[in-house]
Every structure is written in C-alpha cells, then in structure tokens.
Amino acid sequence: MLDALGAGGRRARGIVRGADTYGTAAAIAAESACRLVAEPAKAGIHAPALAFDSLDFLEYPARRGIRWSIEEQQVG
C-alpha cells in the first residue's frame, strides 16, 4: 500500500495484491530491461513513469496474478 499527497492537498492510495513478491519483482525488473532495449528512454535520470506508459506497463504484472488499484482519498 502507498499513500500519496499531491499539489493542492489531493490524496490517493495505491494498493497492490498478489503472491510471490520476490518472483514478481524479478519479473518486473526483467520486463523493464526488455522494454528499455526495445524502446530506449530519453537520456538522463527519469522516474519509471517517464520511461514507460504506466497503464500499459501495469498490464504485465496483472498477467502474473498481481492486482492493483488506485483510490482517491477524501481530504479533510
């Protein structure tokens, strides 16, 4: 679970559920490397969301049984 606070006080919570955390992390690292070889990111240091299309990338762990959701949280 991850809680995020954005500009203007907007809040969101990301939740990831699944089994085999270490195996999934290894598979995600391998998928990231394959995508970078196929379509290199711009030179420099970037957040992962800038290197890949976020929603497209999240389909990969979903095929391995990982479920995720993002919930907007009420402020106040």
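Quick note: residue numbers are just sequence positions, from 1.
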Return all side-chain donor-acceptor pairs below 3.5 angstrom for residues 28-43, not counting sequence neighbours, or 'none' if the list is empty.
residue: E31; atom: OE2; partner: R35; partner atom: NE; Å: 2.8
residue: E31; atom: OE2; partner: R35; partner atom: NH2; Å: 3.3
residue: S32; atom: OG; partner: I28; partner atom: O; Å: 2.9
residue: R35; atom: NH1; partner: D56; partner atom: OD2; Å: 2.9

(request) Check whether any side-chain heavy atom of Q73 sits under 4.5 Å from a side-chain heavy atom of R10, and report yes or no. (result)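 With C-beta onward as the side chain, the pair stays apart.
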
(message) My understanding is that only residues two or more places apart in sequence, or in another chain, count here; which of them pass side chain to side chain contact (heavy atoms under 4.5 Å, CB included) with L55?
(response)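 With neighbours one apart ignored, the set is D53, W68.
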
(request) Identify, with sequence neighbours excluded, every residue that meets side chain to side chain donor-acceptor pair (under 3.5 Å) alongside R13. (result)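 Partners of R13 by the side chain to side chain donor-acceptor pair (under 3.5 Å) criterion, ordered by chain and then number, come out as D3.
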
Please tabulate, for the side chains in residues 18-27, all donor-acceptor contacts under 3.5 angstrom to protein atoms that are two or more places apart in sequence or on a different chain.
residue: D20; atom: OD1; partner: G23; partner atom: N; Å: 3.0
residue: T24; atom: OG1; partner: D20; partner atom: O; Å: 3.0

(request) Could you name each residue pair satisfying salt bridge (Lys or Arg N to Asp or Glu O under 4.0 Å) that touches residues 58-68, not counting sequence neighbours? (result)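 Sorted result for residues 58-68: empty, none.
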
(request) Enter the distance from E71:CD to R11:CZ here, rounded to the nearest 0.5 Å. (result)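 The distance works out to 14.5 Å.
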
(message) Could you measure the distance from the CD1 atom of I70 to the CG atom of L58? Nearest 0.5 Å is fine.
(response) 7.0 Å

(message) Suppose clustering is done on Ile, Leu, Val, Met, Phe, Trp and Tyr with side-chain heavy atoms closer than 4.5 Å. Which residues sit in the same group as Y60?
(response) none

